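Structure, as structure tokens:
Everything numeric in this text was worked out from a predicted model, so none of it was measured. Worth knowing before you read on, the calculation uses all heavy atoms, side chains too, and leaves out hydrogens, waters and symmetry mates. Here is the naming used below: chain letters follow the sequence lines, and residue numbers restart at 1 for every chain.
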There are 2 protein chains.
Amino acid sequence: MDQFVSTFTNKIDTKGRVSVPASFRTVLAKDGLDGIYCYPSLDAPALDAGGKRLVDKINALVEDLAPYSDERDHLATALFGTSEILSIDQDGRTILPERLREHAGITTHIAFVGLGEKFQMWEPERFKTHLSEARQKVRDLRKLLGAGRRGSGGPEGARE
Amino acid sequence: MDQFVSTFTNKIDTKGRVSVPASFRTVLAKDGLDGIYCYPSLDAPALDAGGKRLVDKINALVEDLAPYSDERDHLATALFGTSEILSIDQDGRTILPERLREHAGITTHIAFVGLGEKFQMWEPERFKTHLSEARQKVRDLRKLLGAGRRGSGGPEGARE
DNA sequence: GTGCTTTCCATTGACGCCCATAAATTCCCA
DNA sequence: TGGGAATTTATGGGCGTCAATGGAAAGCAC
């Protein structure tokens with residue numbers, strides 16, 4: 001598997017270390033980056049993270065813009081300037097800088113949430129809320145879709 | 001990693017010395033320049049800096065313009081005329097000339113901000129403001145990108 | 001010599017590396 | 001198929017190394 005899937009909640013120890021889920025480590029290793037590329041999400045109290053693939057995407061995004069243009073500098077500042085390359089020790093643990101923890105409101109535990117090509121880190125309680133909201137939105141969306149597509153739009157649409 | 005990433009805020013001591021972040025030094029060393037190429041940002045109270053790669057890019061930029069044209073002369077003057085090669089001592093520290101510090105309003109602390117192929121130096125408080133503006137602009141920019149995306153073949157990394 | 005810059009050494013705190021333990025999972029074999 | 005051994009994973013703690021910073025010593029100019 002070369003994608004980040006599932007959710008894992010791990011504990012931060014007294015030295016600020018936290019285990020990166022083993023399956024995520026496997027994906028990262030295949031991706032060819034010795035560490036985690038990580039930055040604060042632009043519009044959520046969470047951290048976006050990934051490997052080389054994510055870095056390449058961001059590079060492509062920035063390099064599409066004209067050199068010395070405002071957009072380019074701002075994008076580079078917002079992305080590279082706020083990013084960190086988190087190292088992973090040989091026991092599979094990493095340390096989140098204060099700046100990142102603060103953005104996500106993380107204190108004692110971290111929820112690692114797989115999103116396919118990247119993953120996010122959340123304060124577990126906040127993620128719980130975020131997840132139920134997301135699920136509700138999906139249900140609403142499907143009702144709309146179902147209403148137009150199927151004959152009924154009936155009880156079936158409420159299924160999980 | 002061969003890019004300037006993350007932000008580090010370091011202190012200027014009584015002799016005007018300041019430590020260049022270790023990870024930035026690593027990138028510079030790989031870049032094959034024994035020092036920092038540095039000049040005042042054209043449109044921000046900050047300093048642009050980098051290694052050989054940055055110098056090459058600037059050269060290419062200038063050489064793209066017609067020889068003896070006004071634009072070329074102006075660009076060359078604005079960039080080369082105001083540049084300095086800052087040396088790095090064996091403890092990884094450098095000294096900023098008064099002229100450069102003044103342009104950026106730097107006094108006691110410097111924020112080193114990675115932007116990928118180059119980095120900037122800011123007065124920390126000013127950078128804080130600049131960063132929140134940059135993040136807002138990127139949010140706006142992404143809405144535009146996101147609206148027109150799909151099938152563009154472009155990176156879809158603009159998504160959060 | 002005095003004043004200024006550059007090189008070298010010292011301190012401190014953070015981070016990486018090593019080992020230990022315990023729980024959970026996988027694997028193996030009867 | 002069930003039980004037990006071996007492996008993997010998450011977590012805790014000790015210790016050495018390195019980075020950031022401060023200060024002393026050694027060149028250099030005038």
Side-chain angles (χ1 to χ4, degrees), chain A residues 1 4-30 33-38 47 49 83-102 106-114 119 121-124 127, chain B residues 1 3-30 34-36 38 49 51 84-101 106-114 119-124 127:
Chain A
M1 175 65 65
F4 301 104
V5 292
S6 185
T7 296
F8 305 86
T9 299
N10 290 340
K11 187 182 175 188
I12 300 180
D13 70 17
T14 53
K15 293 162 83 175
R17 300 174 300 186
V18 61
S19 292
V20 178
S23 73
F24 284 21
R25 297 203 301 263
T26 307
V27 179
L28 285 168
K30 277 189 190 168
L33 180 64
D34 181 32
I36 303 173
Y37 182 78
C38 178
L47 306 173
S83 298
E84 306 274 348
I85 307 279
L86 306 178
S87 64
I88 298 181
D89 70 23
Q90 56 197 9
D91 294 334
R93 288 181 285 195
T94 190
I95 296 181
L96 289 186
E98 164 66 20
R99 186 152 30 110
L100 294 182
R101 270 177 303 159
E102 190 186 330
I106 289 170
T107 56
T108 65
H109 293 261
I110 301 184
F112 292 82
V113 183
F119 64 94
M121 290 176 258
W122 285 80
E123 193 287 313
F127 176 66
Chain B
M1 178 63 59
Q3 289 193 308
F4 299 104
V5 168
S6 184
T7 296
F8 305 86
T9 300
N10 290 340
K11 189 180 176 188
I12 300 180
D13 70 16
T14 53
K15 299 166 164 184
R17 298 174 302 184
V18 62
S19 292
V20 178
S23 74
F24 284 20
R25 297 202 302 262
T26 307
V27 178
L28 287 168
K30 275 190 192 167
D34 180 33
I36 303 173
C38 179
E84 306 268 353
I85 306 280
L86 307 177
S87 64
I88 298 180
D89 71 22
Q90 58 196 5
D91 292 339
R93 289 183 280 199
T94 190
I95 296 182
L96 289 186
E98 165 64 20
R99 192 167 50 83
L100 293 181
R101 269 178 296 146
I106 289 169
T107 55
T108 64
H109 293 261
I110 301 185
F112 292 82
V113 183
F119 64 93
Q120 289 184 326
M121 290 175 259
W122 284 80
E123 192 287 312
F127 175 66

**Complete:** Whether each nucleotide of nucleotides 10-20 of chain D has a protein heavy atom under 4.0 Å at its base (B), only at its sugar-phosphate (S) or at neither (-) is summarised, 5' to 3', as SBBBB----SS
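- A heavy-atom distance below 4.5 Å is found between the side chains of A:F8 and A:S23.
- Using a 4.5 Å heavy-atom threshold, the side chains of A:E84 and B:V5 count as separate.
- Boundaries of the chain A contact region on DNA chain C are C:dG16 to C:dC19, first to last in 5' to 3' order (nucleotide atom under 4.0 Å from a heavy atom).
- Under the rule for a salt bridge (charged side-chain N to carboxylate O under 4.0 Å, His left out), B:D34 has no partner lying at least two apart in sequence or in another chain.
- Note on A:R101 versus A:E123: no salt bridge recorded, every NZ/NE/NH1/NH2 to OD/OE distance being 4.0 Å or above.
- B:P124 is not listed as a side-chain neighbour of B:I110, based on a closest heavy-atom distance of 4.5 Å or more.
- Rotation axes derived from the C1' atoms of the five outermost pairs at either end of the helix from C:dG1-D:dC30 to C:dA30-D:dT1 lie 40° apart, to the nearest 10°.
- Evaluation of the ring pair (Phe, Tyr, Trp, His ring centres under 6.0 Å) rule for A:F127 yields A:W122 as partners, not counting sequence neighbours.
- Summarising the geometry, the separation between CG on B:D89 and C1' on D:dA26 is reported as 15 Å, rounded to the nearest angstrom.
- Between B:I95 and B:L86, the closest side-chain pair of non-hydrogen atoms is not below 4.5 Å.
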Under 3.5 Å, side-chain donor or acceptor atoms of residues 12-20 of chain B against the rest of the protein: list the pairs with distances, not counting sequence neighbours.
residue	atom	partner	partner atom	Å
B:D13	OD1	B:K15	N	2.8
B:D13	OD1	B:G16	N	3.1
B:D13	OD1	B:R17	N	2.9
B:D13	OD2	B:R17	NE	2.7
B:D13	OD2	B:R17	NH2	2.9

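- Put simply, CZ on A:F4 and OG1 on A:T26 are 10.0 Å apart, with the number rounded to the nearest 0.5 Å.
- Aromatic ring orientation, A:F119 versus A:F112: tilted (interplanar angle from 30° to 60°).
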